[in-house]
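Written out below as structure tokens is the structure these notes cover.
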Amino acid sequence: MNHQLHNHSHSHLNKRIAVLASGKGSNLEVILQAMQQGSCDAQVSLVICNKADANALQIARAYQVPQVVYLNPKDYADRAAYDQACAALIQQEDCAWVVLAGYMRILSSTFIQTFPQQIINIHPSLLPSFVGAHAVADALAYGVQITGCTVHLVTEDLDSGPILAQTAVPVLSTDDHDTLHQRIQNAEYQLYVQVIQRLVSTPFHVQEKHVIWD
Ligand code: GAR
């Protein structure tokens, strides 16, 4: 398998995306709004949540996403089985892209290999700083004066795939976790819609760590 030269000329006309979310779902909502307003011509065909009480489920239903599914991890023997169920839904819906929007679960290697260079994630820091589930708290604790958000391709190395786009956000001396996260999220909303629009309209290839738009 040649990941380096894999390109998406075959799939860039397919604008169907699956969104995986675990929580608030505000990124999902901004994507759905952009679609509705015509500023993004991706089609969210499927939303999968791993939490029954995720607000993302309500948002997906409110926007009438065709397939909105809660999959309970406890109903599956292990991570591989859970991810296999997710992958089957994504393939059934013929989605070309998998968009992680606050999806707080590690993906199995098999899942990632099933969708090579088709999974993107948004992370609330300037990667490679502050990988993991507590990026905002970690940036505050470290005392950095600039943080931000990163959209990247998902590879088997956690939060370390090729970077698609980043926005810098200043840390203010008055910030607490919530004020900083909110300012980062405002940056996320703009960045994620832009990247998704580009993804569904422009083929790219990957060379080493670089994403090159064709
Ligand atoms: C976002 O800030 C996203 O960057 C972060 O979770 C939040 C989800 O918000 N993701 C991670 O920390 C991934 N490790 P949302 O549910 O309102 O879109």
Side-chain angles (χ1 to χ4, degrees), residues 17-36 40 42 44 46-63 65 68-71 73 79 83 86 97-108 111-112 119-142 144 146-172 175-197 199:
I17 69 182
V19 177
L20 275 51
S22 303
K24 189 164 71 155
S26 64
N27 278 287
L28 170 64
E29 182 161 29
V30 168
I31 296 163
L32 291 167
Q33 272 165 2
M35 278 170 46
Q36 214 169 55
C40 178
V44 176
L46 169 66
V47 168
I48 303 175
C49 287
N50 64 317
K51 300 275 185 194
D53 59 353
N55 188 52
L57 285 168
Q58 313 306 322
I59 289 173
R61 291 190 191 109
Y63 281 81
V65 171
V68 182
V69 184
Y70 159 58
L71 290 182
R79 182 180 306 282
D83 284 3
C86 292
W97 306 103
V98 180
V99 171
L100 308 183
Y103 190 63
M104 302 307 275
R105 266 175 77 85
I106 306 271
L107 293 166
S108 61
F111 183 92
I112 294 168
I119 312 170
I120 65 171
N121 181 42
I122 189 152
H123 183 82
S125 73
L126 290 178
L127 291 171
S129 290
F130 312 119
V131 303
H134 310 287
V136 178
D138 293 347
L140 260 183
Y142 197 95
V144 293
I146 300 174
T147 183
C149 54
T150 302
V151 179
H152 64 93
L153 291 172
V154 173
T155 62
E156 290 179 59
D157 305 318
L158 182 70
D159 294 334
S160 305
I163 289 172
L164 287 154
Q166 295 184 299
T167 303
V169 173
V171 181
L172 307 181
D175 269 333
D176 60 22
H177 184 280
D178 286 355
T179 59
L180 179 57
H181 194 196
Q182 187 54 61
R183 210 163 336 95
I184 292 172
Q185 288 225 282
N186 292 341
E188 289 184 342
Y189 302 151
Q190 292 196 22
L191 194 67
Y192 223 5
V193 168
Q194 279 171 20
V195 170
I196 291 166
Q197 174 56 27
L199 214 54

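Atoms within a ligand are numbered from 1 in the order they appear, just like the ligands themselves. All figures in this text were calculated on a predicted structure; none of them were measured in a lab.
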> Of the protein's non-hydrogen atoms, which lies at the shortest distance from atom 11 (C) of ligand 1, and what is that distance?
Replying inline: Pro124 CD, 3.6 Å

> Judging by distance only, is a nitrogen or oxygen of Asp159 under 3.5 angstrom from one on ligand 1?
Replying inline: no

> So does Glu156 have more than 12 non-hydrogen atoms from other groups sitting under 6.0 Å from CD?
Replying inline: yes

> Taking only residues two or more places apart in sequence, or in another chain, which ones meet Asp175 in a side-chain contact (heavy atoms from CB on, under 4.5 Å)?
Replying inline: Leu140, Val171, Leu172, Thr179, Leu180, Arg183

> With only distance considered, is Asn27 within less than 3.5 Å of ligand 1 through an N or O on each side?
Replying inline: yes

>> I need the atoms of ligand 1 closer than 4.0 Å to a non-hydrogen atom of Ile122, numbered in the order shown.
In response: 3 (C), 4 (O), 10 (N)

> Can you tell me the protein heavy atom closest to atom 6 (O) of ligand 1 and the distance?
Replying inline: Gly102 CA, 3.8 Å

> Looking only at protein heavy atoms, which one is nearest to atom 13 (C) of ligand 1, and how far off is it?
Replying inline: Met104 SD, 3.7 Å

>> Within the 3.5 Å criterion, strictly below it, is a donor on Gln182 or Asn186 matched to an acceptor on the partner's side chain?
In response: yes

> Gln33 and Gln36: side-chain donor and acceptor closer than 3.5 Å?
Replying inline: no

> What distance do Ser22 atom OG and Asn55 atom CG have between them, rounded to the nearest 0.5 Å?
Replying inline: 12.5 Å

> When only distance counts, is Tyr189 in polar contact with ligand 1, meaning an N/O pair under 3.5 Å?
Replying inline: no

> To which of Ser22, Gly132, Ala135 does the heavy atom nearest atom 14 (N) of ligand 1 belong?
Replying inline: Gly132

>> Any non-hydrogen side-chain atom of Val30 less than 4.5 Å from a side-chain atom of Tyr192?
In response: no

> Closest non-hydrogen protein atom to atom 9 (O) of ligand 1, residue and atom name please, with distance?
Replying inline: Gln185 NE2, 3.1 Å

> Is the count of non-hydrogen atoms from other residues, nucleotides or ligands lying under 6.0 Å from Lys24 atom NZ greater than 12?
Replying inline: yes

>> Between ligand 1 and Glu188, is the shortest N or O to N or O distance under 3.5 Å?
In response: yes

> Closest non-hydrogen protein atom to atom 16 (O) of ligand 1, residue and atom name please, with distance?
Replying inline: Gly25 N, 2.8 Å

>> A side-chain contact here means heavy atoms from C-beta on lying under 4.5 Å apart; do Ile120 and Leu153 qualify?
In response: yes

> Quick one: side-chain contact (heavy atoms from CB on, under 4.5 Å) partners of Ala60, sequence neighbours excluded?
Replying inline: Leu28, Val47, Val65, Val68

> Got the closest protein heavy atom to atom 17 (O) of ligand 1, with its distance?
Replying inline: Ser26 OG, 2.5 Å

> Looking at atom 2 (O) of ligand 1, what's its closest protein heavy atom, distance included?
Replying inline: His181 NE2, 2.8 Å

